[in-house]
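Side chains are part of it too, since the values below use all heavy atoms of this structure and drop only hydrogens, waters and symmetry mates.
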Amino acid sequence: VQLQASGGGLVEAGGSLRLSCAASGRTFSTYFMAWFRQAPGKEREFVAAIRWSDSMTNYTDSVKGRFIISRDYAKNRVDLQMNSLKPEDTAVYYCAANRGGTYYYRNEYPYWGQGTLVTVSS
């Protein structure tokens, strides 16, 4: 599975951005697709995940009510709509995919896209 992330940029606090992750290759066996993020000097952390088969979603507490993860099955794409952005959302965002297991732990995701930088100014 190959993943290509796009959509990052610079936005003011309170603004919105939409990230996209296009998947190619053997996507039929995808179980979860997720977004993680890594801020400078911090560990990469889970943000949101969606189960490919039924669109069940999960979010980390800090983004609940602000971020929405969705999937376009026909286009093999996962989007992350980010609203009410805060400076603490500034990070490099990575999309990831797995073929089983849980959604939360980054070591359960063998497939990663390149990161896309999101910068939220105060």
Side-chain angles (χ1 to χ4, degrees):
V1 178
Q2 292 79 47
L3 303 175
Q4 180 73 39
S6 62
L10 173 64
V11 64
E12 292 184 351
S16 298
L17 278 176
R18 188 176 186 90
L19 306 182
S20 291
C21 179
S24 60
R26 300 184 63 180
T27 58
F28 61 87
S29 58
T30 298
Y31 190 61
F32 277 111
M33 288 191 71
W35 289 94
F36 288 75
R37 65 186 179 187
Q38 187 166 16
K42 295 189 176 181
E43 295 286 319
R44 191 172 299 187
E45 65 173 358
F46 170 78
V47 176
I50 187 165
R51 191 160 59 193
W52 200 247
S53 60
D54 61 4
S55 295
M56 182 196 76
T57 58
N58 290 279
Y59 299 91
T60 192
D61 286 346
S62 63
V63 308
K64 284 180 181 177
R66 301 189 296 122
F67 290 12
I68 301 171
I69 188 170
S70 61
R71 65 137 169 87
D72 186 324
Y73 192 83
K75 295 182 180 179
N76 284 334
R77 194 182 77 199
V78 170
D79 293 339
L80 185 69
Q81 178 66 41
M82 304 185 295
N83 302 317
S84 302
L85 282 161
K86 304 176 180 179
E88 52 264 43
D89 294 318
T90 295
V92 177
Y93 284 71
Y94 298 89
C95 62
N98 69 16
R99 293 182 176 175
T102 66
Y103 63 86
Y104 185 81
Y105 297 101
R106 66 177 190 260
N107 61 3
E108 295 200 18
Y109 287 85
Y111 307 104
W112 291 86
Q114 89 290 1
T116 185
L117 177 62
V118 172
T119 304
V120 185
S121 62
S122 57

Who pairs with [X] by side-chain hydrogen bond (donor to acceptor under 3.5 Å, both in side chains), at least two apart in sequence or on another chain?
X: S6; answer: none
X: E108; answer: T102
X: N83; answer: S16, Q81

Any chance you could measure [X], atom [atom1], to [Y], atom [atom2], to the nearest 0.5 Å?
X: S122; Y: K86; atom1: OG; atom2: NZ; result: 14.0 Å
X: K75; Y: S20; atom1: NZ; atom2: OG; result: 9.5 Å
X: R18; Y: S70; atom1: CZ; atom2: OG; result: 5.0 Å
X: N107; Y: R44; atom1: CG; atom2: CZ; result: 12.0 Å
X: Y73; Y: S55; atom1: OH; atom2: OG; result: 10.0 Å

Nearest heavy-atom approach of A48 to L80 is CB-CD1, 4.2 Å
V120 meets the side-chain contact (heavy atoms from CB on, under 4.5 Å) criterion, sequence neighbours left out, with V11, A13, L85, P87, D89, T90, V118
For A91, the side-chain contact (heavy atoms from CB on, under 4.5 Å) test, sequence neighbours excluded, returns R37, A39, Y93
Which residues share a salt bridge (charged side-chain N to carboxylate O under 4.0 Å, His left out) with [X], sequence neighbours left out:
X: K64; answer: D61
X: E88; answer: none
X: E43; answer: R106
X: R77; answer: D79

Could you check whether any side-chain heavy atom of S24 comes within less than 4.5 Å of a side-chain heavy atom of N76, counting everything from C-beta outward? no
Can you confirm whether M33 sits close enough to C21 that some side-chain heavy atom of one is under 4.5 Å from a side-chain heavy atom of the other? yes
So disulfide (SG to SG under 2.5 Å) across residues 43-77, not counting sequence neighbours, yields none
For residues 33-84, the disulfide (SG to SG under 2.5 Å) pairs (sequence neighbours left out) are none
(Q) What verdict does the side-chain contact (heavy atoms from CB on, under 4.5 Å) test give for R66 and Y59, after you've listed the backbone C-alpha separation in whole Å, the side-chain angles of each residue and the deciding distance to 0.1 Å? (A) CA-CA 10 Å; R66 301 189 296 122; Y59 299 91; over 6 Å; no
Starting from the C-alpha separation in whole Å, work towards a yes-or-no answer on ring pair (Phe, Tyr, Trp, His ring centres under 6.0 Å) for W35 and F67.
CA-CA 11 Å; W35 289 94; F67 290 12; over 10 Å; no
Next item on the list: Begin from the C-alpha positions of Q114 and Q4 and carry the test side-chain contact (heavy atoms from CB on, under 4.5 Å) through to its verdict.
Entry: CA-CA 7 Å; Q114 89 290 1; Q4 180 73 39; 3.0 Å; yes
Cluster membership besides L117, Ile/Leu/Val/Met/Phe/Trp/Tyr side chains within less than 4.5 angstrom, sorted by chain and number, is Y31, F32, F36, F46, M56, V92, Y94, Y103, Y104, Y105, Y109, W112
